[in-house]
Amino acid sequence: MRNFEVASLLLEIADILEIQQENAFRVRAYRKGAQAVEALPEDLASVAARGELLDIPGIGKDLAAKIQECLACGQIAYLEELRRQIPAGVVQLMRIQGLGPRTARLLFDQMGVDSIDKLEALCLAHKLAGLPGIKRKTEENILKGIQVWRSGRERVPIGSALEIADAVVARLKELASVRQIAVAGSLRRRRETVKDIDILAVSEQPAEVMERFVGLHGVAEVVARGETKSSVRLRDIQVDLRVVETESFGAALQYFTGSKQHNIRVREMAQRRGLKVSEYGVFEESSDRRVAGATEAEVYAAVGLPFIPPELREDAGEIEAALDGRLPTLVTEADVRGDLQLHTTWSDGLPSVAELAAAAQARGYAYIAVTDHSKSATIARGMSEERLLQMLADVESVNRTRSGFRVLAGCEVDIQADGELDFPDELLRRLDLVQVSVHSRFKMSRDEMTARIVRAVRHPLVHILGHPTGRLLGERAPYELDLEAVLQAARASGTAVEINASPQRLDLNDVAARRAKELGIPIVISTDAHAVPHLDFMRFGVDVARRAWLTAADVLNTRQEPDLRTWLAAKRSHPA
DNA sequence: GCCGTTTTCGGCCCGACTGTTTTCAGTCG
């Protein structure tokens with residue numbers, strides 16, 4: 001059983017307990033436990049086998065026992081019992097925006113509502129008005145919520161969310177009264193998908209800012225409108241705006257960036273020091289005197305912490321690391337010296353090698369690798385062996401024209417169903433860089449797929465495993481795979497793994513990349529660009545790397561060109 | 001249910017907005 005599956009069972013327990021109006025802290029304990037499990041960079045089964053479940057913060061005796069039970073028999077008896085009391089359909093009701101546990105309980109108890117379909121029918125027939133606390137308006141809001149839920153666009157990929165957020169920020173910045181403005185929330189933490197966009201501004205004319213905000217082009221609905229806080233639906237996503245005073249900006253930014261769990265930890269630390277943290281600032285409990293608030297650094301300092309980068313704020317060990325002075329210096333886009341997975345006219349890319357080299361050098365890179373597809377990738381116009389040789393000549397001629405810049409001749413070689421590579425060794429040996437990836441036969445069994453990839457990763461001429469899980473965000477689930485086994489094979493053979501920065505892929509993801517780092521596996525961040533503008537995807541890959549706690553030293557393509565070439569050569573003499 | 005430089009018991013983050021209310025509960029982040 002996968003970690004996320006265990007986590008989802010724990011979350012379901014939390015949901016049901018919440019509907020049953022159980023102790024809120026007990027509910028929180030299950031949610032926290034679920035989050036800890038999901039963020040765990042290693043398989044729960046391995047941790048359990050070592051008897052270390054209790055070492056996971058947030059997992060105590062009870063949760064450890066339930067996790068053990070999960071791993072042993074795939075279910076939790078306690079949850080089965082809860083499900084008999086509150087059917088799954090009732091838990092589903094809480095997926096509707098504006099509908100929480102109290103209302104779900106009320107609807108189930110009084111009207112037997114146990115599905116969203118039934119809820120919709122009753123709303124349309126105006127059968128809910130008259131229940132305590134429900135009138136016409138509430139029915140309307142529930143129907144709107146059901147529409148949003150049906151549209152299925154509950155989470156938006158980071159690429160499109162950033163685009164919308166940047167546009168909103170630009171429009172609001174035009175107002176002279178807007179002194180400061182920033183994106184907060186999970187978008188600032190650079191989660192791969194987000195549920196909404198949070199924007200924070202400082203202005204002495206909050207009313208003017210709100211006015212501009214709710215009137216923005218593309219606003220489909222004003223969800224809420226207050227003096228300092230408003231929400232709209234804009235192009236299928238909710239955007240929240242808060243306006244605060246200058247002296248509160250840092251506190252508000254810290255607060256609205258979250259995560260919720262991270263903030264709870266910060267507040268607990270503040271409490272122990274006799275302080276109270278809110279979005280308005282840090283205050284002395286006794287006197288209400290403000291001690292911090294204008295900047296985030298100030299807020300963290302007040303509770304005894306160094307500044308923690310937003311990407312780490314998930315309560316996944318960053319508080320402890322900060323206290324011990326072990327926070328990593330995260331890799332930045334400026335550290336990246338080259339891009340190692342690129343496609344050109346030699347297969348399915350748009351630019352020529354020369355065009356790509358010019359664009360990459362203009363961007364400040366010192367090198368790139370062109371990695372066109374191998375012959376089996378027919379859909380992607382994979383290269384025949386002759387064309388591969390012609391590509392080598394092309395790369396050589398481009399290298400003659402450019403100084404201070406190097407094009408490495410590479411290939412993205414298909415991993416065939418049995419783990420064999422798509423080109424013979426004598427050809428691979430002529431390449432500077434060999435990347436291997438799966439592009440076919442996605443539906444193999446977990447064992448077969450694992451064996452297939454492990455075999456390729458162990459091949460002595462292979463440098464990098466590309467998009468290791470094969471997922472396409474929101475389109476295709478990762479293939480069945482024992483990723484831990486693949487990573488162990490990479491470690492043993494010295495092979496690097498890729499963070500594919502294409503916003504469609506982001507593969508490895510943050511959790512897996514963090515595990516790869518833990519194992520000491522070299523990591524590359526590549527865009528997989530098929531056109532010149534795709535070189536800009538690098539920022540998304542760096543975001544994943546930062547969420548994975550990576551420093552520049554963990555990332556191969558931050559090295560100087562000679563160092564990289566040394567690594568590429570040394571890899572081939574690595575004892576397999 | 002978890003946790004411990006205040007604690008093995010008694011705590012556990014904090015405020016805005018809406019819709020229903022005549023003073024507040026529910027939801028959200």
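Bear in mind that the values here come from a model prediction, so they are computed numbers and not experimental data. The chains referred to below are lettered A, B, ... by the order of the sequence lines, with proteins before strands, and numbering in each begins at 1. Atoms considered below: every heavy atom in the structure, side chains included; atoms not considered: hydrogens, waters and symmetry mates.
Checking B/dC13, B/dG29, B/dT18 against every side-chain atom of A/I264, the shortest atom distance belongs to B/dC13. You'll find that the side chain of A/K229 is closest to B/dC17, out of B/dT27, B/dC17, B/dG19. Among the nucleotides B/dG1, B/dG19, B/dT20, the one closest to the side chain of A/N141 is B/dG19. Residue A/Y255 places its side chain closer to B/dC14 than to any other of B/dG1, B/dT20, B/dC14. Closest to the A/K276 side chain, of the nucleotides B/dG26, B/dG1, B/dG15, is B/dG15. Candidate nucleotides B/dG1, B/dA16, B/dG19 were compared by shortest atom distance to the side chain of A/F25, and B/dG1 ranks first. The A/R267 side chain lies nearest to B/dC14 when the options are B/dC12, B/dC14, B/dG29. The side chain of A/D240 has B/dG29 as its nearest neighbour among B/dA16, B/dG19, B/dG29. Looking at the side chain of A/S278, the nearest of the listed nucleotides B/dG1, B/dC14, B/dC13 is B/dC14. When the nucleotides B/dT20, B/dA16, B/dC2 are ranked by their closest atom to the side chain of A/Y280, B/dA16 comes out on top.
The CD1 atom of A/I96 sits 15 Å away from the C1' atom of B/dC28 (whole-angstrom rounding). If you measure from atom NZ of A/K66 to atom P of B/dC2, you get 8 Å, rounded to the nearest angstrom. In this structure, A/I76 places its CD1 atom 12 Å from P of B/dG1, rounding to the nearest Å. Rounded to whole Å, the distance from CD on A/Q261 to P on B/dC2 is 14 Å. Put simply, CG on A/D315 is 19 Å from P on B/dG29, counting in whole angstrom units. When the P atom of B/dC13 is taken as reference, atom CD of A/Q254 falls 14 Å away, rounded to whole Å. Between the CZ atom of A/R31 and the P atom of B/dC13 there is a distance of 14 Å, rounded to whole Å. B/dG1 atom C1' lies 16 Å from atom CD1 of A/I16, rounded to whole Å.
Phosphate contact (OP1/OP2 of B/dG29, side-chain N/O of A/K260, threshold under 4.0 Å): absent. Listed pair A/R28 / B/dC13 meets the phosphate criterion, a side-chain N or O lying under 4.0 Å from OP1 or OP2. Between A/T138 and B/dT20 there is a side-chain N or O to OP1 or OP2 distance below 4.0 Å. At B/dC28, none of the side-chain N or O atoms of A/K195 fall inside 4.0 Å of OP1 or OP2 (strictly under the cut-off). Within the structure, a side-chain polar atom (N or O) of A/T228 is placed less than 4.0 Å from OP1 or OP2 of B/dC17.
Across all strands, A/D62 comes closer than 4.0 Å only to sugar-phosphate atoms, never to a base (heavy-atom distances). Using a 4.0 Å heavy-atom cutoff across all strands shown, A/P101 reaches sugar-phosphate atoms only and no base atom. Residue contacts for A/V266: at a heavy-atom cut-off of 4.0 Å it reaches no nucleic acid atom on any strand shown. A/R102 comes within 4.0 angstrom of the backbone, heavy atoms only, and of no base. Contacts of A/S231 with the nucleic acid, taken as non-hydrogen atoms under 4.0 Å apart, are absent. Residue A/F256 is out of contact with every strand shown, counting any heavy-atom pair closer than 4.0 Å.
Of the residues near DNA chain B, A/E268 and A/K61, the one whose nearest nucleotide (by heavy atom distance) lies more toward the 5' end is A/K61.
A salt bridge is absent between A/D543 and A/R191: the closest approach of a Lys/Arg side-chain nitrogen to an acidic carboxylate oxygen does not fall below 4.0 angstrom. By the 4.0 Å N-to-carboxylate-O rule, A/E204 lies close enough to A/R179 to be salt-bridged with it.
Residue A/R136 qualifies as open at atom CZ: its count of foreign heavy atoms under 6.0 Å is 12 or below. In this structure, A/E81 places its CD atom where more than 12 heavy-atom neighbours from other residues, nucleotides or ligands lie under 6.0 Å away. No more than 12 heavy atoms of other residues, nucleotides or ligands lie within 6.0 Å of CD in A/E245, so this atom counts as exposed by the packing criterion.
Straight-line distance between the P atoms of B/dT27 and B/dT20: roughly 13 Å, to the nearest whole Å. Comparing B/dT7 with B/dC3, their C1' atoms are spaced 9 Å from each other, to the whole Å. Taking atom P on both B/dC12 and B/dT6, the two are 14 Å apart, rounded to the nearest angstrom. A distance of about 12 Å separates the C1' atoms of B/dT21 and B/dG26, rounded to the whole Å. Distance noted for atom C1' between B/dT23 and B/dC17: 16 Å (whole Å). Nucleotides B/dG11 and B/dT18, compared at atom P, are 35 Å apart to the nearest Å.
When only modelled atom types and interatomic distance are considered, A/Q238 and A/D240 share a side-chain donor-acceptor pair under 3.5 Å. Using a 3.5 Å distance cut-off with no hydrogens or angles, the side chains of A/S230 and A/R225 do not pair a donor with an acceptor.
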Polar atom pairs (N or O), protein with nucleotides 3-8 of chain B, under 3.5 Å:
unit_1	atom_1	unit_2	atom_2	d
B/dC3	OP1	A/G58	N	2.7

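Once rounded to the nearest 0.5 Å, the distance linking CZ of A/R515 with CG of A/L40 reads 9.0 Å.
Look at B/dG19: its Watson-Crick or wobble partner, with both distances under 3.5 angstrom, is B/dC24.
Put simply, the side chain of A/K32 does not reach to within 4.5 Å of the side chain of A/L63, judged on heavy atoms.
A/R290 places a side-chain N or O within donor-acceptor distance of the main-chain N or O of A/Y280, the cut-off being under 3.5 Å.
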